[in-house]
Amino acid sequence: MLDVADLAKRLIAAPSVTPATGAVFEQLEAMLTPLGFVVHRFVRGDGPEGSDEAPVENLFALRAGPEGSRHIAFAGHLDVVPPGEGWASDPFVPVERGDLLHGRGAVDMKSAIAAMVAAVAEVPAEAGTISFIITGDEEGPALHGTRALIDYMQAEGIQPDLCLLGEPTSVNRLGDMVKIGRRGSVNIFIDVDGTQGHVAYPHLADNPLPKLVAILAELDSLTLDTGTKWFQPSNLEITDINVGNRAHNVIPAAGAARVSIRFNDLHTGKSLSERVMAIAEKHGGRARPIISGEPFLTEPGTFSKLVSTAVEAETGIAPELSTTGGTSDARFLRSLCPVIEFGLCNATMHKRDEAVAIPDLAVLARIYTRIAKAALALAETDI
């Protein structure tokens, strides 16, 4: 098997703060081409740096198997969050300290992509079709990343049977958790207008803040649901209140707030948005929702079983099937085919001195190999 740690180091050493372009994709292309993959790279977005329209690079690689064979896709992202200050070493110079490999992206999720590359090197081309769906815009707005890749695949008539996303899902040790779904996410911006005036003459003003407080109080009192078999209860959180009034003797002209809702499959982004909008309007405000993703569930069955079997064979652990955590690009990939997430331990993702346990890398690659071989061997009636 290819040296996964070496592959991971090559990816970590290519800085790729979101949105990623350039060198890190060149590294991945150089890894995949010798394995028989045809690599297509393209850039989407033409706005200024730092904007939602900033250029994003994406990579789709395909190694076609025999006609009519099964197709498994490996998905992930090469972009990383900014490293911040205070690292023990340069975050883009991979460093081994003991059994740990340090560097930004070591966990989230360059090492998983390295493990995928090593894994497919062990799968014969005649076993079936394998693809890589890799974006440079998962940690950012996600406007020109995986969605653009899906557009490309649909235009080319490329249809995977199953998709494995390499997000870091393990909690305490490699293999203890597999994600079979995710909650949806919607952020809602609330505005209330009033009339500015002197606090000593309230009859000449219209204070917007009591209206805003009433809106937020009603929203905070909501019990959206009590959860389902596979999902925890939906939750609404007030995440910002902004008045901008620096004077103690002035009634402000406006107030604003933001709420964030993570919701299970009892709801849709549209239904929750309409509910919040109605409450805001009732108290004299208005609400503007931005839906980041809808909830989804890959029902436990053949796919989850083969993933769990592969994990247990290499780790001795029967993984927990879960839908906890935040959103991921699985919210887009689910439109292609059934998708499951499995990857490294997530304890240090997005943290200073991010690190992966080096022994886990080879184990993860072997798990991915088992998953790919089992998925490609499935009969049509099994999918």
Side-chain angles (χ1 to χ4, degrees), residues 18 50-52 81-82 84 108 138-143 179 181-197 199 202 205-228 230-297 322-331 346 349-351:
T18 192
S51 74
D52 287 353
V81 296
D108 191 11
E138 194 272 348
E139 302 289 6
L143 294 176
K179 297 290 178 71
R182 293 279 189 168
R183 294 193 297 171
S185 174
V186 58
N187 291 294
I188 304 177
F189 298 81
I190 299 169
D191 294 287
V192 181
D193 295 327
T195 302
Q196 189 178 43
V199 296
D206 178 18
N207 195 336
L209 298 189
K211 302 172 188 176
L212 182 61
V213 169
I215 294 169
L216 297 179
E218 184 167 348
L219 292 176
D220 189 55
S221 69
L222 293 176
T223 299
L224 297 175
D225 57 72
T226 58
T228 69
W230 287 107
F231 286 96
Q232 66 194 85
S234 303
N235 64 297
L236 181 153
E237 304 298 333
I238 299 167
T239 58
D240 187 39
I241 300 174
N242 183 22
V243 179
N245 183 12
R246 300 178 62 183
H248 67 276
N249 59 352
V250 173
I251 293 171
R258 183 183 64 227
V259 300
S260 181
I261 309 176
R262 296 298 172 96
F263 56 97
N264 58 40
D265 55 356
L266 295 175
H267 311 273
T268 66
K270 182 175 184 291
S271 67
L272 289 170
S273 297
E274 290 174 346
R275 190 170 180 181
V276 173
M277 291 167 69
I279 291 172
E281 291 172 5
K282 180 174 72 173
H283 295 286
R286 59 189 182 278
R288 177 175 59 87
I290 298 179
I291 301 169
S292 301
E294 298 291 346
F296 78 93
L297 177 69
S322 173
T323 63
T324 57
T327 59
S328 73
D329 274 0
R331 69 191 190 271
N346 55 30
M349 63 179 181
H350 292 202
K351 291 186 177 182

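Quick caveat, the model's predicted, so the values are computed rather than measured. Values below: every heavy atom of this structure, side chains too, minus hydrogens, waters and symmetry copies.
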Mind running side chain to side chain contact (heavy atoms under 4.5 Å, CB included) on Arg286 and Asp193 for me, showing each step along the way? CA-CA 9 Å; Arg286 59 189 182 278; Asp193 295 327; 2.8 Å; yes

Applying side chain to side chain contact (heavy atoms under 4.5 Å, CB included) to Val213 and Lys211, what does each step give before you reach the verdict? CA-CA 5 Å; Val213 169; Lys211 302 172 188 176; over 6 Å; no

Run Ile261 and Leu224 through side chain to side chain contact (heavy atoms under 4.5 Å, CB included) and show every step you take. CA-CA 10 Å; Ile261 309 176; Leu224 297 175; 3.8 Å; yes

Might you work through the side chain to side chain contact (heavy atoms under 4.5 Å, CB included) test for Leu236 and Leu219, ending with a clear yes or no? CA-CA 8 Å; Leu236 181 153; Leu219 292 176; 4.1 Å; yes

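Remark: side-chain polar atoms of Glu294 are not paired, donor with acceptor, to backbone N or O of Thr268 under 3.5 angstrom. Counting only distance, with no hydrogens or angles, the side chain of Ser271 and the backbone of His267 share no donor-acceptor pair below 3.5 Å. Not a single donor-acceptor pair under 3.5 Å links the side chain of Thr18 to the backbone N or O of Val81. In this structure a side-chain-to-backbone donor-acceptor pair under 3.5 Å is missing from Ser185 to Ser292. At least one donor-acceptor pair closer than 3.5 Å links the side chain of Asn245 to the backbone N or O of Val250.
When all heavy atoms of Asn346 and Met349 are compared, the pair lying nearest together is O-CG, 3.2 Å. Across all their heavy atoms, Ala214 and His283 have their closest contact at CB-ND1, 3.6 Å. Here the closest heavy-atom approach between residue Gly227 and residue Asn264 is recorded as CA-ND2, 3.9 Å. Minimum interatomic distance between Ile241 and Leu212 (heavy atoms only, all atoms of both residues): CG2-CD2, 4.4 Å. Phe263 approaches Pro295 most closely through the heavy-atom pair CE1-CD, 3.2 Å. Heavy-atom minimum distance, Phe296 versus Arg331: CE2-N, 4.1 Å.
Here CZ of Arg288 is found 7.5 Å from CG of Asp191. Values are rounded to the nearest 0.5 Å. Taking CD from Glu281 and CD1 from Ile190, the interatomic distance works out to 11.5 Å, rounded to the nearest 0.5 Å. The CG atom of Leu297 lies 14.0 Å from the CZ atom of Arg183; values are rounded to the nearest 0.5 Å. In this structure, CG in Leu266 is found 6.5 Å from OG in Ser234, a value given to the nearest 0.5 Å. In this structure, CZ on Arg182 lies 10.0 Å from CG on Asp329, to the nearest 0.5 angstrom. Of the inter-residue distances, the one linking Leu222 atom CG with Asn235 atom CG reads 12.0 Å to the nearest 0.5 angstrom.
Side-chain contact between Thr323 and Asp265 is absent, with no heavy atoms from C-beta onward closer than 4.5 Å. Contact annotation: the side chain of Ser273 approaches that of Val186 to within less than 4.5 Å [non-hydrogen atoms, C-beta and beyond]. Within the 4.5 Å cutoff, the side chain of Ile251 has heavy atoms near those of the Pro202 side chain. Contact of the Lys179 side chain with the Thr324 side chain is registered, since non-hydrogen atoms from C-beta on lie closer than 4.5 Å.
Exactly one residue among Leu272, Ile290, Val259 makes a side-chain contact (heavy atoms from CB on, under 4.5 Å) with Ile188. That residue is Val259.
Side-chain contact of Arg258 with Thr239: a donor-acceptor pair under 3.5 Å is present, judged by distance alone.
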